[in-house]
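One structure is given below, encoded as structure tokens.
A, B, ... follow the sequence lines: proteins, then strands. Residue 1 opens every chain. Fair warning: this is a prediction, and the values are worked out from it, not measured in the lab.
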Protein chains: 2
Amino acid sequence: MSDASLWTALADPHRRVIVGLLLERPRPVGEIVDACGLSQPSTSKHLRVLRDAGLVRVRQDAQRRVYALDPAPIAELDAWLAPYRKLWNSSLDALGHRLDETAPGEPPDHTQAPTSKD
Amino acid sequence: MSDASLWTALADPHRRVIVGLLLERPRPVGEIVDACGLSQPSTSKHLRVLRDAGLVRVRQDAQRRVYALDPAPIAELDAWLAPYRKLWNSSLDALGHRLDETAPGEPPDHTQAPTSKD
DNA sequence: CGGTTATATGCCAGTCAAGGAATATATCGC
DNA sequence: GCGATATATTCCTTGACTGGCATATAACCG
């Protein structure tokens, strides 16, 4: 089950950065190294973890290895939190009522909950 | 930013189990201990991590501590993967096209070898 | 073929998280 | 008050993860 490695892979901030980079477009390792500010070996190791989790795929282009995002595992994530989504739907609904009272005349366009917890 | 602790908190399988249990309904620690099969101290420590990440809230009921899920942080997760959602909406065919863009002249044979490289 | 570029891997040290056992704390019942 | 119940915290040990460095591997160019 790649589920465990999926969460573990995304638990690392650098790897989330890499995933974010690959969201924009596939990139060779050199670009990723330059972008996330890690050494090349460390970056390669992170890419290995991501590849092992199925989050990225590699395509060889001459000496270059172009990494691309594989959306399927992230879809798994989405499926995981699907049951929770209805929870904050109701929570945001309640919050929306509060905001509506605080700001009358403004459309209750609350795309995110300002939960400043700290 | 509780983002980092959020991912770290959910990276642990036991904590995901706990979150799943609390999705059904709020529970006292004893129930969680019994459900996830860990020792009571370990469970308490996991609950601390979850609480620190803002994922759960506690309500004191006599000697019992009833933990309940707080959906807001998971909504953060949802917000994080929102940009990725469109990717799997575009289907894997689009991904193949992206890969093709990077290497013009190469046949779109994205039959990537599995991660057997050792 | 040799040299260069691009990436992966092995090794080593530092850090951090997890689990268990024992203990502290708090609340209840008597 | 005392004992019992329920939970949190501390200490300790073990194991995993991370990063850097050096090196191996592989593909290009001449």
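Of the side-chain N and O atoms in B:Ser42, none sit less than 4.0 angstrom from OP1 or OP2 of C:dA18. Applying the 4.0 Å criterion to OP1 and OP2 of D:dT9, one finds that B:Arg48 has a side-chain N or O inside that range. For A:Tyr67, a side-chain nitrogen or oxygen approaches OP1 or OP2 of C:dA8 to under 4.0 Å. Residue A:His14 places at least one side-chain N or O under 4.0 Å from the OP1 or OP2 atom of D:dG19. The side chain of B:Ser44 places no N or O atom within less than 4.0 Å of a non-bridging phosphate oxygen (OP1 or OP2) of D:dT7.
Rounded to whole Å, atom P of D:dT7 lies 13 Å from atom CZ of B:Arg51.
Every salt bridge (Lys or Arg N to Asp or Glu O under 4.0 Å) that B:Glu31 has, sequence neighbours left out, goes to B:Arg25, B:Arg27. Contacts of A:Gln63 classified as side chain to side chain donor-acceptor pair (under 3.5 Å), with partners at least two apart in sequence or in another chain: none. Not a single side-chain contact (heavy atoms from CB on, under 4.5 Å) links B:Thr8 to another residue, sequence neighbours left out. For B:Asp70, the salt bridge (Lys or Arg N to Asp or Glu O under 4.0 Å) partners at least two apart in sequence or on another chain are B:Arg57. By the side-chain contact (heavy atoms from CB on, under 4.5 Å) test, B:Pro26 is found to be paired with B:Val66, B:Ala68, residues two or more places apart in sequence or in another chain being considered.
Residue pairs meeting the salt bridge (Lys or Arg N to Asp or Glu O under 4.0 Å) criterion with at least one member in residues 12-23 of chain A, sequence neighbours excluded, do not occur. Annotation: ring pair (Phe, Tyr, Trp, His ring centres under 6.0 Å) contacts involving residues 23-78 of chain B, sequence neighbours excluded, comprise B:His14-B:His46.
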Protein-nucleotides 13-17 of chain C N/O pairs closer than 3.5 Å?
none

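Closest to the side chain of A:His46, from the set C:dA18, C:dA21, D:dG19, is D:dG19. Of the candidates D:dC21, D:dA8, C:dG19, D:dA8 carries the atom nearest the B:Pro41 side chain, counting heavy atoms from C-beta on.
Near DNA chain D, meaning a heavy atom under 4.0 Å away, the residues from residues 26-34 of chain B are B:Pro28, B:Val29, B:Gly30. A heavy-atom distance below 4.0 Å to DNA chain C is reached by these residues of residues 56-66 of chain B, ordered by number: B:Gln60, B:Ala62, B:Gln63.
B:Val49 and A:Leu10 are not part of a single hydrophobic cluster, where members link through side-chain heavy atoms under 4.5 Å apart.
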